[in-house]
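Contents: one structure, followed by commentary.
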Number of protein chains: 2
Amino acid sequence: MSNRLTLTAMPKLVLPDVLYALSDPLRLRIVCQLASEGDTACGTFGIDMPKSSLSHHFKVLRDAGVIATHSEGVRRINTLRRDELEAAFPGLLESILDAAQPRAARSRKVLKPSREKTSSTRASSGPR
Amino acid sequence: MSNRLTLTAMPKLVLPDVLYALSDPLRLRIVCQLASEGDTACGTFGIDMPKSSLSHHFKVLRDAGVIATHSEGVRRINTLRRDELEAAFPGLLESILDAAQPRAARSRKVLKPSREKTSSTRASSGPR
DNA sequence: TCCTTCGTTCGAATTTCTTCGAACAATGTA
DNA sequence: TACATTGTTCGAAGAAATTCGAACGAAGGA
């Protein structure tokens with residue numbers, strides 16, 4: 001989790017760092033939204049949270065190399081680095097994005113009824 | 001009501017928790033070793049670390065549902081829960097295991113002979 | 001039974017992560 | 001220029017994760 005790179009160079013993709021960045025429900029949600037809706041500004045995620053907190057999570061994703069950010073007028077547009085991730089870790093992002101979907105939505109591929117629920121014990125977005 | 005079956009009930013697989021468990025280099029190494037060498041006792045990982053620390057990491061993996069542990073004499077045998085993981089998150093474990101390998105070793109699986117770059121960047125295994 | 005082995009659990013110290021207000025910077029608009 | 005918008009950065013407080021010694025428990029062997 002070190003970022004001593006220059007501003008121009010993108011961080012090297014390190015598997016544990018990528019997995020860590022995606023292990024937070026909020027960040028995973030951000031990535032899923034970027035994957036489904038394309039590049040988006042930080043403020044367009046409908047997340048009720050102070051902007052400094054939100055900015056922190058984007059930074060974690062950025063430092064891990066999961067997303068890239070560029071300015072566009074006043075806004076900062078975030079881009080999911082699909083190609084780089086695919087090149088470094090083939091199939092990883094796709095499987096995570098797929099796994100992040102509710103089972104009901106995923107069952108379109110696999111015909112399997114499921115009656116389970118999902119809840120996270122750790123790193124939930126509740127107040128600490 | 002006493003239900004013996006629930007004694008063996010494994011934790012529900014939650015994606016962020018699984019990703020978090022695998023986001024630690026040491027735990028990732030443990031999982032890779034379990035994947036390649038099959039069930040193994042805790043003390044057979046060649047990790048120079050107090051046993052209480054090591055036990056902690058096994059517990060994290062266990063709580064996330066990544067591995068299961070059962071007693072066998074004096075030893076505690078760890079098993080990678082491949083089937084359960086595959087059922088819950090198709091392709092995820094495989095892509096992570098594949099990504100955890102050095103690039104040189106991974107390119108062997110590719111059908112097409114990739115004569116492209118041979119990045120010599122070392123695998124990162126620094127502690128967080 | 002005593003002792004050894006293998007691993008878990010406990011408790012505390014240390015480190016890291018998360019959150020959030022406040023200050024700051026960059027851009028666009030009146 | 002003055003002001004609003006959009007995010008970043010800083011600093012501190014609180015929460016969580018990691019580490020490790022010590023105590024404990026469950027086999028197995030002498």
Side-chain angles (χ1 to χ4, degrees), chain A residues 1-7 11 14 16-30 33-34 39-64 66-79 120-128, chain B residues 7 11 14 16-30 33-34 39-64 66-79 124-128:
Chain A
M1 217 93 67
S2 61
N3 188 12
R4 302 200 296 161
L5 300 173
T6 61
L7 293 176
V14 177
D17 294 352
V18 170
L19 295 179
Y20 179 81
L22 297 176
S23 72
D24 180 84
L26 181 58
R27 292 194 290 260
L28 191 56
R29 174 177 156 194
I30 290 171
Q33 191 164 331
L34 281 178
D39 303 356
T40 321
C42 297
T44 61
F45 284 83
I47 298 171
D48 185 25
M49 181 179 249
K51 55 184 180 178
S52 59
S53 302
L54 203 49
S55 183
H56 160 75
H57 287 292
F58 278 99
K59 179 172 168 49
V60 173
L61 290 170
R62 216 155 37 221
D63 289 349
V66 176
I67 66 172
T69 307
H70 72 276
S71 291
E72 202 160 287
V74 188
R75 293 193 170 75
R76 303 272 289 164
I77 305 300
N78 298 287
T79 308
S120 179
T121 57
R122 185 204 57 82
S124 62
S125 53
R128 310 184 98 99
Chain B
L7 289 176
V14 178
D17 294 351
V18 170
L19 295 179
Y20 179 79
L22 298 176
S23 72
D24 181 83
L26 180 57
R27 291 194 291 260
L28 191 56
R29 174 178 155 193
I30 290 172
Q33 191 164 333
L34 281 177
D39 304 356
T40 321
C42 297
T44 61
F45 285 84
I47 298 171
D48 184 26
M49 180 178 247
K51 55 183 180 178
S52 58
S53 303
L54 202 51
S55 183
H56 160 74
H57 287 293
F58 278 99
K59 179 172 167 53
V60 173
L61 290 169
R62 216 153 40 221
D63 289 348
V66 177
I67 67 172
T69 307
H70 72 277
S71 290
E72 204 160 284
V74 184
R75 291 195 172 73
R76 303 271 290 165
I77 305 299
N78 299 287
T79 309
S124 67
S125 60
R128 288 192 296 123

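Values below: all heavy atoms of this structure, side chains included; hydrogens, waters and symmetry mates excluded. Just so you know, these numbers come straight off a predicted model, no measurement behind them. So you know, we letter chains A, B, ... as the sequences are listed, proteins then strands, and number each from 1.
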Legend entry - Polar side-chain contact B/Ser52-D/dG21 base: donor and acceptor under 3.5 Å: yes
Quick one: [X] [atom1] to [N] [atom2], roughly how many Å, whole number?
X: A/Arg76; N: D/dT5; atom1: CZ; atom2: P; result: 19 Å
X: A/Ile47; N: C/dC20; atom1: CD1; atom2: P; result: 12 Å
X: A/Asp63; N: D/dT9; atom1: CG; atom2: C1'; result: 13 Å
X: A/His56; N: D/dT8; atom1: NE2; atom2: P; result: 12 Å
X: A/Phe58; N: C/dT18; atom1: CZ; atom2: C1'; result: 16 Å
X: B/Asn78; N: C/dG7; atom1: CG; atom2: P; result: 8 Å
X: A/Phe45; N: D/dT6; atom1: CZ; atom2: P; result: 14 Å
X: B/Leu26; N: D/dC20; atom1: CG; atom2: P; result: 11 Å

Legend entry - 5' precedence on DNA chain C between B/Thr40 and A/Gly73 (nearest-nucleotide basis): B/Thr40
Legend entry - Under 3.5 Å: donor-acceptor pair, side chain of A/Gln33, backbone of A/Thr44: yes
Distance below 4.0 Å between [X] side-chain N/O and [N] OP1 or OP2:
X: A/Arg75; N: D/dT6; answer: yes
X: A/Ser55; N: D/dG7; answer: no
X: B/Tyr20; N: C/dC17; answer: no
X: B/Arg27; N: D/dT18; answer: yes

Inset, instruction - Take A/Asn78 and A/Thr69 through the side chain to side chain donor-acceptor pair (under 3.5 Å) test and state the conclusion after the steps. - result: CA-CA 4 Å; A/Asn78 298 287; A/Thr69 307; 2.9 Å; yes
Inset, instruction - Name the nucleic acid region contacted by B/His57, choosing base, sugar-phosphate or nothing; use a 4.0 angstrom heavy-atom cut-off, strictly under. - result: sugar-phosphate
Legend entry - Atom CZ of B/Arg76 with >12 non-hydrogen neighbours under 6.0 angstrom: yes
Between [options], which nucleotide gets closest to the side-chain atoms of [X]?
X: A/Cys42; options: C/dT8, D/dT8, D/dA17; value: D/dT8
X: A/Lys59; options: D/dT19, D/dT9, D/dG21; value: D/dT9
X: A/Lys51; options: D/dT18, D/dG7, C/dC20; value: D/dG7

Inset, instruction - Evaluate the criterion side-chain contact (heavy atoms from CB on, under 4.5 Å) for residue pair A/Thr79 and A/Leu34; output intermediate values, then yes/no. - result: CA-CA 7 Å; A/Thr79 308; A/Leu34 281 178; over 6 Å; no
Legend entry - Within 45° cone of B/Phe58 ring axis and under 6.0 Å: B/Arg27 NZ or CZ: no
Legend entry - Given DNA chain D, 5'-ward residue of the pair B/Val74 and B/Ser53, judged by closest heavy atom: B/Ser53
